[in-house]
Amino acid sequence: MKFGTKTVHAGVTPDPSTGAIMTPIFQTSTYVQAAPGDHKGYEYARTQNPTRAALERSLALLDNGYAASCFGSGMAAIDAVIKLLKPGDEVVCCNDLYGGTFRMFTKVFAKYGIRFHFVEMTDFDQVEAHINENTAMLWAETPTNPLLKIIDIEAIAKIAKAHNLLFVVDNTFCSPALQQPMELGADIVVYSLTKYVSGHSDVVMGAVVVKNAELDEQIKFLQNACGAVPGPMDSFLVLRGIKTLNIRMKAHNENAAKVAEYLKNHPAIGKVYYPGLASHPGHEVAKRQMSGFGGMISFTLSQDNEANALKVLSGTHLFTLAESLGGVESLMCHPTSMTHGSIPREERLKAGLSDTLIRISVGIEDADDLIADLAQVLEQVTEPVSTGS
Ligand SMILES: *Cc1c(COP(=O)(O)O)cnc(C)c1O
């Protein structure tokens, strides 16, 4: 079955009790038992819920994984994956990491004796150099946030296999529509479903997709034992969002390509970070491992100072100033003060994240309107052309 068909049908069957085409919202905390232990496979809703189960089946099929488990947020999903480790274990991860993930690794799990090394993962020697006898896991996010660096999943998977390490990919920026990490050798794929997968900025949720039964058993154990499960209403909303995932991602790809091209040629713009541009250092790898370049773009201004960045951040009409990404509406954000505020400034600068960087999540509006919105705000920060008089 092709991907677009899967988004509409995978994991979802009409409700056997009523014939309802859409999976009902099973808003219940518990299930009747005819006699102790005599039940229909559902005992308590932290452990199993039919709406959540349909979503998990769908997600597993979209990634060609063995199984998926959903969590109350992307962070809760990441939390479960790190809980596969034990004190003394070490993780090698990319340095341009989602701010919340960096915070969890350094402020929560470091306390429990797990060590994290943040390395430039486009440089395989750096990855190898940080692997030792305690290393248990490699962790990559690609494209990275907010600099949209491209990490070669297949190459990192080879390193993971050679050292017998678990390889985790946070695929939030691509969604399974644009990138299939498991096909490229990842063992575990994590998502913030809050972003592209649900796609309508109306739900917070996360998922862990695994490649085999052993990992599924461990993650399902943690899902039930630690209890960070999503509710049935939210599970329904994500299931509904998935129906349009394939066509939404195509619209994001198309719009972002047009916006990136426009920005690249604008005199008020300094650098444009978009993997779809031939000038992007990760363009060739992106072409190989992604079926589209996604909807995220970051840029700096040619007159790169805080006052100008502020003008742009507060002067657009269609691009709303807000954290998050991946919804149908376009958003703009200032990583330094918003999404990446939890990363110390020197770490940010070391990773190449300047104080004036602006990140946009290009929505599915008409590209002409989005470009007009950027045009009016960029005009305010363009140096007037000298008339020579
Ligand atoms: C948003 C995000 C997360 C965290 O997900 P939440 O649903 O907000 O908890 C993790 N990784 C990436 C790449 C994200 O963009």
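Here the structure is a predicted model, which is why all the values come from computation and not from measurement. Numbering of ligands and ligand atoms starts at 1, following listing order. When a residue number appears, it is its place in the shown sequence, counting from 1.
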Taking both backbone and side-chain atoms of Ser192, is any N or O found less than 3.5 Å from an N or O belonging to ligand 1?
yes
For atom 14 (C) of ligand 1, what's the nearest protein heavy-atom neighbour? Residue, atom name and distance, please.
Lys195 NZ, 3.0 Å
Please walk me through it: do Asn246 and Lys2 pass side chain to side chain donor-acceptor pair (under 3.5 Å)?
CA-CA 11 Å; Asn246 198 45; Lys2 291 212 165 169; over 6 Å; no
Element-labelled atoms of ligand 1 that are located less than 4.0 Å from some non-hydrogen atom of Gly74
5 (O), 6 (P), 7 (O), 9 (O)
Are any of the N or O atoms of Thr194 closer than 3.5 Å to those of ligand 1?
yes
Looking at atom 13 (C) of ligand 1, what's its closest protein heavy atom, distance included?
Asp170 OD2, 3.4 Å
Parallel, tilted or perpendicular, judged at 30° and 60°: which one describes the rings of His340 and Tyr98?
perpendicular
Clusters formed by hydrophobic residues whose side-chain heavy atoms approach within less than 4.5 Å: which one holds Val229, and what are its other members?
none
For residues Tyr196 and His252, establish whether the separation of their ring centroids is below 6.0 Å.
yes
Partners of Asp123 by side chain to side chain contact (heavy atoms under 4.5 Å, CB included), sequence neighbours excluded?
Glu120, Asp125, Gln126
In this structure, is the centre-to-centre distance between the rings of Phe105 and Trp139 below 6.0 Å?
yes
Below the 3.5 angstrom mark, is there an N/O of Ile78, backbone or side chain, next to an N/O of ligand 1?
no
How far is atom 3 (C) of ligand 1 from its nearest protein heavy atom, and which residue and atom name does that atom have?
Tyr98 CE2, 3.3 Å
